[in-house]
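We use all heavy atoms of the structure for the numbers below, so side chains are in, but hydrogens, waters and symmetry mates are not. Computed from a predicted model, the values in this text were never measured in an experiment.
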Amino acid sequence: MMRLLVLLLAALGLTACATTQSGPGPSDLAWTEIEISEGVCFGFCPIYTITITPDDRYQLNGERFTRHDGQTSGTLDAGSFQRLAAILQRHDAASLPADITMNDPANCGRSVMSDMPDFRLGLTGPDGRQDIVWYPGCADSPYRDALSQIQTAARRVYDYETLIAPKR
């Protein structure tokens, strides 16, 4: 009987010490808005800023070379914000450095001239805002693949070809 009691107490003690190691899911992220901008290139790249909120609404400022220049707003497909948050989480965007440009050689690595526009993320939550700027000409950046994948996947979420890119 005493042996059974000791085993039960030991098992209870182990379960009390157990913790889970799972990270936050997309719905656990406290972002209240996600802002994406693409900037100037040497040609006619769309220059825009799109802000998306958890209710899948967007505000778009098409500055130049966009389908509709100026301010527009609307609603994206249901779950768009959550899909975008999941993409950012999968690539650990919250831990990216703020400056991945030629201004910060440690994060940029070898840089090459690129006609590609810069890519900017603004992640806003209750604790403030995190801004990330990436210059695609940072050829040796350890963040290049993640940011390229974020850019491509994010464009699919907000249907870049229909909403932003000019008609061809």
Show your reasoning for whether side chain to side chain contact (heavy atoms under 4.5 Å, CB included) applies to T49 and E35. CA-CA 7 Å; T49 300; E35 182 181 279; 3.5 Å; yes
Do side-chain atoms of Y135 reach the backbone of S114 as a donor and acceptor pair under 3.5 angstrom? yes
Smallest heavy-atom separation, A94 atom then W31 atom, equals CB-CZ2, 4.5 Å
Distance col, row I132:CD1 vs Q130:CD, nearest 0.5 angstrom, shows 4.0 Å
Please output the side-chain donor-acceptor pairs of residues 68-78 that fall under 3.5 Å, not counting sequence neighbours, one pair per line with the distance.
residue, atom, partner, partner atom, Å
D69, OD1, T66, N, 3.3
D69, OD1, T66, OG1, 2.6
T75, OG1, R57, NH1, 2.6

Begin with the C-alpha distance, continue with both residues' side-chain angles, and end with the deciding distance and a verdict on side-chain hydrogen bond (donor to acceptor under 3.5 Å, both in side chains) for S148 and D145. CA-CA 5 Å; S148 179; D145 289 342; over 6 Å; no
Can you tell if the side chain of P97 reaches within under 4.5 Å of the side chain of Y143, non-hydrogen atoms only? yes
Hey, mind stepping through T53 and T32 against side chain to side chain contact (heavy atoms under 4.5 Å, CB included) and telling me if it holds? CA-CA 6 Å; T53 55; T32 55; over 6 Å; no
Verify the distance criterion only: is there a donor paired with an acceptor across the side chains of S80 and R83 at less than 3.5 Å? yes
How close do I100 and N107 get, heavy atom to heavy atom, and via which atoms? CG2-O, 3.6 Å
Quick check: does any side chain N or O of R155 sit under 3.5 Å from a backbone N or O of E161, one acting as donor and the other as acceptor? no
Once rounded to the nearest 0.5 Å, what's the spacing between atom CD1 of I50 and atom CG of L163? 5.0 Å
For the pair L60 and I164, evaluate side chain to side chain contact (heavy atoms under 4.5 Å, CB included) and give the outcome as yes or no after the intermediate values. CA-CA 9 Å; L60 174 63; I164 295 168; 4.1 Å; yes
Correct closest heavy-atom pair for I150 and A93 would be CD1-CB, 4.4 Å
Backbone N or O of R129 within a donor-acceptor pair of the T124 side chain at under 3.5 Å? no
Report yes or no: does D56 contribute a side-chain atom to a donor-acceptor pair with the main-chain N or O of F81 at less than 3.5 Å? yes
With sequence neighbours left out, what residues match R144 under side-chain hydrogen bond (donor to acceptor under 3.5 Å, both in side chains)? none
Taking every heavy atom of L88 against every heavy atom of I34, the minimum-distance pair comes out as CD1-CD1, 3.7 Å
Of C41, P166, P117, the residue whose pairing with P46 passes side-chain contact (heavy atoms from CB on, under 4.5 Å): P166
Trace of the side chain to side chain contact (heavy atoms under 4.5 Å, CB included) decision for I47 with V40: CA-CA 6 Å; I47 302 168; V40 179; 3.8 Å; yes
Quick check against the 3.5 Å criterion: does S141 have a side-chain atom that pairs as donor or acceptor with the backbone of C138? no
Do Y158 and I52 touch side chain to side chain, with heavy atoms closer than 4.5 Å? yes
Quick one: ring-ring contact (aromatic ring centres under 6.0 Å, His included) partners of F119, sequence neighbours excluded? none
Return yes if some donor-acceptor pair links the side-chain N/O of R110 with the main-chain N/O of A139 below 3.5 Å, else return no. no
For the atom pair NE2 (H91) and CG (L96), what is the distance rounded to the nearest 0.5 Å? 10.0 Å
Show the nearest heavy-atom pair for residues D140 and G109, with the distance to one decimal. CB-CA, 4.1 Å
Residue pair E38 / Y48, side-chain donor-acceptor N/O under 3.5 Å: yes
Out of curiosity, does L147 fall in the hydrophobic cluster containing V133 (side-chain heavy atoms, cut-off under 4.5 Å, transitive links)? no
